[in-house]
Amino acid sequence: MPARPPLSSLPRTLTRWFLTSARELPWRTNLNAPADHRRDPYRTLVSELMLQQTQVSRVIDKFNDFLTAFPTPASLAAAPESRILALWSGLGYYRRAKLLYAAAKAILRDHDGRIPDTVEELLTLPGIGPYTAGAIASLAYGKPVPIVDGNIARVLFRIHGRDATHADPRDMKWAWDQAAQLVNSAAHAKVAVGGVGVGDLNEALMELGATICTPTSPRCNCCPIRSHCIANATARQHQIPRPKRPITRRELFCDTVLARSPDDKLLIEHRPSTGMWANLWQAPTLEDPTAAKPATRCRLEHWLNLKPLTLIERFTHQTTHRTVHFTIWKAARPTPTSAHQSPTRQWATREQISELALSNPQRRILLELSR
DNA sequence: AAGCCGTGGGT
DNA sequence: TACCCAAGGCT
């Protein structure tokens, strides 16, 4: 077996691979610019928030729409929150939209509309934790700071052949230390002579994890740093990292009523500002956390003061922590009377509804099942 | 500090 | 199919 090359040569090998084979993504704008101006900080901020726990393929269209609507931090900070949430529809983890909005306001108020360039300042902004702060500082500003996300942790565990898991804080601490060592060696070696910066090393590590060093079936034969990798040398790439312990999903029953008025409007209501799908809109939904089965027709008719109701569809919707059983009911020719009104309930056209913030199941209910 | 927060790609 | 888990952060 050939000896592994010194780890000090890894940053150069990796960044060279990255600069020649990186995917073209809308937030990677100036790959030919100097290393500390390669990315626009605002585009980096928005993309990093959208990319938290979310795959690249899910983000691209949302990112483009979002930047068309809010091209600058000032335009974002000045927008109504409802519009921001609407543009986030379908992305999931909707709290991120609210936090990004709060961050934009703080950037206008405390930083003169400029995205901060230090980890310390970035960490004070809502929605920005250790990973995102380091990502903005290094990717957008070329600062020599480490970052560790799920990808980079996996890559580092495998390179070093460490029997580790993302769930163990000690393993993650170790990964941050390793990432810092790599960044320091790259900064000292002044990889930047060729216009390559520490940001490129960080992004290269992520790109490798996302495209080559994937969780299951890594493509080791395409890997530019295969010769550095202990997991590959010992054929343990499939065992590293160890799987997280499985989560148990709670069941939730949602009974949703589709009510269409004679003038072709649908009844909608606003969800509370906490919990799942916070602040999103939905067709009136009875959600009983203690129920083990759908509500009875009688209870629903009484609840909304609408009858008769007919059952038109059932489906389940999975989230990370829940299995949501939807039962969809249709109200026969309701008239928009005060009986159905409440502070959070109103009638709206399909066109209006299509512009609102909706969860994916409610989008299906209100815009597809209602046809 | 463990649970919570969405959705769909990949296998 | 069912299950893992993704450019995490907040409470």
Side-chain angles (χ1 to χ4, degrees), chain A residues 18 22-23 25-28 39 43-63 85 88-100 102-103 122-136 138-140 146-155 165-169 172 175-176 179 199 202-211 213-219 238 241-250 252 271-280 289 316-324 357-364:
Chain A
F18 175 68
R23 294 169 292 179
L25 300 172
W27 46 90
R28 288 176 181 164
R39 279 164 162 270
R43 295 171 77 87
T44 304
L45 168 69
V46 173
S47 64
E48 287 302 337
L49 266 288
M50 287 189 168
L51 285 162
Q52 288 172 2
Q53 295 289 284
T54 308
Q55 292 166 339
V56 164
S57 63
R58 302 282 310 141
V59 168
I60 292 175
D61 287 347
K62 298 289 181 191
F63 176 84
L85 201 51
W88 210 272
S89 281
L91 253 192
Y93 285 155
Y94 298 97
R95 185 172 50 178
R96 296 179 295 173
K98 170 184 273 195
L99 294 170
L100 175 57
L122 287 162
L123 280 175
T124 69
L125 297 174
I128 298 187
Y131 162 76
T132 306
I136 294 171
S138 66
L139 305 190
I147 55 176
V148 174
D149 70 334
N151 285 315
I152 295 184
R154 182 174 59 254
V155 168
T165 168
H166 299 281
D168 191 329
M172 294 307 286
W176 277 94
N202 282 338
E203 198 164 7
L205 283 163
M206 282 192 287
E207 184 85 352
L208 188 78
T211 63
C213 195
T214 51
T216 60
S217 63
R219 301 206 281 275
H238 295 283
R242 292 196 310 276
K244 303 170 182 166
R245 121 181 104 98
I247 50 107
T248 55
R249 268 197 268 262
R250 287 156 42 197
L252 181 65
R271 288 184 64 86
S273 57
T274 58
M276 191 146 74
W277 297 315
N279 288 327
L280 273 62
T316 66
H317 179 84
Q318 303 272 358
T319 76
T320 304
H321 292 272
R322 296 168 190 262
T323 297
V324 188
L358 304 171
S359 68
N360 271 9
Q362 289 291 337
R363 180 170 296 278
R364 173 162 178 239

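Side-chain atoms are counted along with the backbone in the values below, which use heavy atoms only and exclude waters and symmetry mates. Predicted model only: the values in this text are computed from it and were never measured. Lettering of chains follows the sequences in order, A, B, ..., and the numbering in each one begins at 1.
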Base, sugar-phosphate alone, or nothing: which one does A:L25 contact when heavy atoms must sit under 4.0 Å apart? base
Could you tell me whether A:P241 contacts a base, only the sugar-phosphate backbone, or nothing, with contacts defined as non-hydrogen atoms closer than 4.0 Å? nothing
Output the rounded distance in Å from CD (A:Q318) to C1' (B:dC5). 15 Å
Which is true for A:S217 with a 4.0 Å heavy-atom rule: it touches a base, it touches only sugar-phosphate, or it touches nothing? sugar-phosphate
If you pin A:L125 and A:K244 to their nearest nucleotides in DNA chain C, which one's is more 5'? A:K244
Whole angstroms only, please: what is the CH2-P distance between A:W277 and B:dC4? 15 Å
Determine the contact category for A:R96: base if any of its heavy atoms lies under 4.0 Å from a base atom, sugar-phosphate if only primed atoms, P, OP1 or OP2 are that close, otherwise nothing. nothing
For A:G209, report the nucleic acid contact type (base, sugar-phosphate, nothing); a contact means any heavy atom under 4.0 Å. nothing
Determine the contact category for A:L91: base if any of its heavy atoms lies under 4.0 Å from a base atom, sugar-phosphate if only primed atoms, P, OP1 or OP2 are that close, otherwise nothing. base
Base, sugar-phosphate, or nothing: which does A:R250 touch, judged by heavy atoms less than 4.0 Å apart? sugar-phosphate
Starting from C1' on C:dG8, measure out to OH on A:Y131 and report it in whole angstrom. 9 Å
Between the base of B:dG6 and the side chain of A:T54, is there any donor-acceptor pair under 3.5 Å? yes
The test is side-chain hydrogen bond (donor to acceptor under 3.5 Å, both in side chains); show your working for A:Q318 and A:R249 and say whether it passes. CA-CA 9 Å; A:Q318 303 272 358; A:R249 268 197 268 262; 2.9 Å; yes
Side-chain donor/acceptor contact of A:S57 with base of B:dG9 under 3.5 Å: no
Under 4.0 Å, heavy atoms only, any strand: does A:W27 hit a base, just the sugar-phosphate, or nothing? base
Donor-acceptor pair under 3.5 Å: do we get one between A:S359's side chain and the base of B:dT7? no
Please report the distance, rounded to the nearest Å, between CD in A:Q52 and P in B:dT7. 16 Å
Over all strands shown, is A:R154 touching base, sugar-phosphate only, or nothing at heavy-atom distances under 4.0 angstrom? sugar-phosphate
